[in-house]
Amino acid sequence: MSIRYGGDYNPEQWPEEVWAEDMRLMREAGVGFVTVGVFSWGIIERTEGVFEFGWLDRVLDLLHENGISVDLATGTASPPQWLTTNYPEVLPVTGDGIRQWPGSRQHYCPSSPIYRQKAAILAGKLAERYAKHPAVIMWHINNEYACHTAECYCDISAAAFRTWLIDKYGDIDSLNDAWTATFWSQHFTSFDQVLPPRSTPAPGNPTQRLDFREFSSDELLACFRAEKEAVRDHEFELPVTTNFIGVFKPLDYWKWAPELDVISNDSYPDPLESGSAMDAAMAGDLMRSLGAGRPWLLMEQAPGYVNWRETNGTKPGAMMRALSIQAVSRGADGINFFQWRQSRGGLEKFHSGMVPHSGTDSRIWRNVLQLGVDLDRLASVEGSRSTAQVAIVLDWANWWAAEGDGHQIRLDFHANLLDWYRPFYEANIAVDFVHPDAELAGYRLVLAPHLYLLSAHTAGRLAAYVAQGGDLVVTYFTGHVDEHDNAHLGGYLAALQPVLGLSIDDFAALPPEGPNARIAVASDDWGDLGGEQWSEYTKVIDAVVLARFAEGDVSGCPAITRNSFGRGRAWYLGTKPDADSLEKVFGTICRAAGIKRVLDDVPLGVEAARRGDYFFLVNQTASPVEVNTSGYDLLTQRELGVVALGAYGCAVLRRLDGDEVSGNSLSNSAIGVRA
Ligand code: GAL
């Protein structure tokens, strides 16, 4: 058993003399896993159809001799010069009609048949040659799909979009209906007239935009599939992955995830931004959920700074360690960096690497050695799983549509998702993410924020969950439209009206800042609360009103309600409670639903997470804290009476012989949200 440790290894950037030193240093650091060849297309196939594998043979042999396993990349994320010279139509085109140039990376049109064909040829050649190589244990298809080129608007993409639409709608009148093409004379008489949502004088058709987003995610998935199939023509057993990018808008990862044998993620929280650890935690929870609870890999993180923000602050060593242990606590069975050796030249030369420019007498190298020791001590954690009582519904189509044009507010879906996640994170309540149509029966509480697009099918599933005894929390910006982004008539919320016991008559948006950004909300249970972003004119059918708007034209309208439906309860928030208010409201909801923390009495800023028999404590603050619990700590290899954590300190406590970790902290009593 082991937690895999390593990083992206790009030996082609270095003379071969350096490779021997790389092997020695990898062994010294306990590195046993590297990703090779992510950007090697142009080195392997310098000329179209001529493949030079000699250097890669030597690299893989050397790694194997040193006991290091390889995640072998197909190398297709950066097309070589010959591809774009010989086939310039492969280059992507922006919505303004500008064809992009080679000279960076990911400069390919996702729908290009030539790109797909040439990429698949390379993937197949690699699989053919290295399928039986003893170092290779995993295939890494492409790299961070959509990181730079999520969409292409060229004529090839336009034709592919039409094919996709014919498949979806069958005939042009169904498309006209779904897109409400009677509006602004947008009616089509043939699919030949349909274009991608290219740059227009005013914002374009929202359903066209929504379809194009899904199409673009699907086209990149088709690229992934083409490479995966080419690999599978030669090799059938090794797991296949591609690296995801956290909570990432362009790709519907629910569609992607089932096609990956191992989920892997790249995580680059900003060390200068407080709250970025929470974002990383949320991404970790999402990765575990995408794999239906299976362990995943942290495929990339930076040991120190990145080089692509305006200001690139660095991670103190303890913070880097805390973020690594955090990933393990959320289900990662591997911790890897971009990249092994910091590049000498090129755009990323000032992006940190495990072996920095300054060499091994360095802070980064000492941190890398320390992490190797830590992960070795966590070997027994490998494979263990987590359970959660709470699920948050995340739906990409909703993300795309809710952030589209023509709404009352500019909703920042990711920022709001973090705000909804925060009370659980701060209270150390484990959370899974789920697709709206997922099986919900195992959860005590389901939070469905901003299901703006609400189909009858999804509403029916949520209703069934409540009827069978679940607690469902629904927020504003839900059920305004159907799956084609056309309004639900007769009071928003549509089929959820009977579940929530209310309907929405009209909206009253709040500005993002200024004196009117906060609206007073009055309640008996929680006293005075504050709401942000949204208020509305709500009509109660039979819900219990828990809080009402207390100012403005909506004064007196329900802001927070609860309704009994079947054997369960459905809660509704018609505004975004500010941080303090949200904590109070969620405290009540969690108590009602019988939700338990991972550990009680954990100071704010310390994450507590559980995998199987292991309890993780990660201090994400620079202040030392004590946690009143005890147990055997895998990291210090000592029995602890009280857990003292320094700045960004961590402990991993093992449960002993069926016994809870001793101390009152594991009583798992029902909660108020914060300790
Ligand atoms: C990732 C990418 C790596 C490297 C890294 C730098 O997006 O996969 O190749 O560029 O960022 O942070």
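Counting starts at 1 for both ligands and their atoms, following the listed order.
A 4.5 Å side-chain heavy-atom check between Glu607 and Tyr425 finds at least one atom pair inside the cut-off. The shortest side-chain heavy-atom distance between Met282 and His414 falls under the 4.5 Å cut-off.
Taking Asp233 as the reference, nothing meets the side chain to side chain contact (heavy atoms under 4.5 Å, CB included) condition, with sequence neighbours excluded. By the ring pair (Phe, Tyr, Trp, His ring centres under 6.0 Å) test, Phe413 pairs with Trp399, sequence neighbours left out.
For the residue pair Glu48/Tyr87, the side-chain donor-acceptor check at 3.5 Å is satisfied.
Atom numbering of ligand 1 starts at 1 in the shown order; those under 4.0 Å from a heavy atom of Trp308 are 6 (C), 12 (O). Of all atoms in ligand 1, listed by their number and element, those nearer than 4.0 Å to a heavy atom of Arg105 are 2 (C), 3 (C), 4 (C), 7 (O), 9 (O), 10 (O). Those atoms of ligand 1 with a heavy atom of Phe39 less than 4.0 angstrom away are 9 (O).
Annotation: cation-pi pair Arg341/Trp14 present, NZ/CZ under 6.0 Å from the ring centroid and within 45° of its normal.
Nearest protein neighbour of atom 4 (C) of ligand 1, counting heavy atoms only, is Glu348 OE2, 3.3 Å. From the protein, the heavy atom lying nearest to atom 7 (O) of ligand 1 is Glu144 OE1, 2.3 Å. Of the protein's heavy atoms, Tyr268 OH, 3.4 Å lies nearest to atom 5 (C) of ligand 1. In terms of protein heavy-atom proximity, atom 6 (C) of ligand 1 is nearest to His351 NE2, 3.1 Å.
How far CG of Asp71 is from CD1 of Ile137: 7.5 Å, rounded to the nearest 0.5 Å.
Residue Glu300 has at least one nitrogen or oxygen atom sitting less than 3.5 Å from a nitrogen or oxygen atom of ligand 1, judged on distance alone. Residue Asn143 has at least one N or O atom closer than 3.5 Å to an N or O atom of ligand 1.
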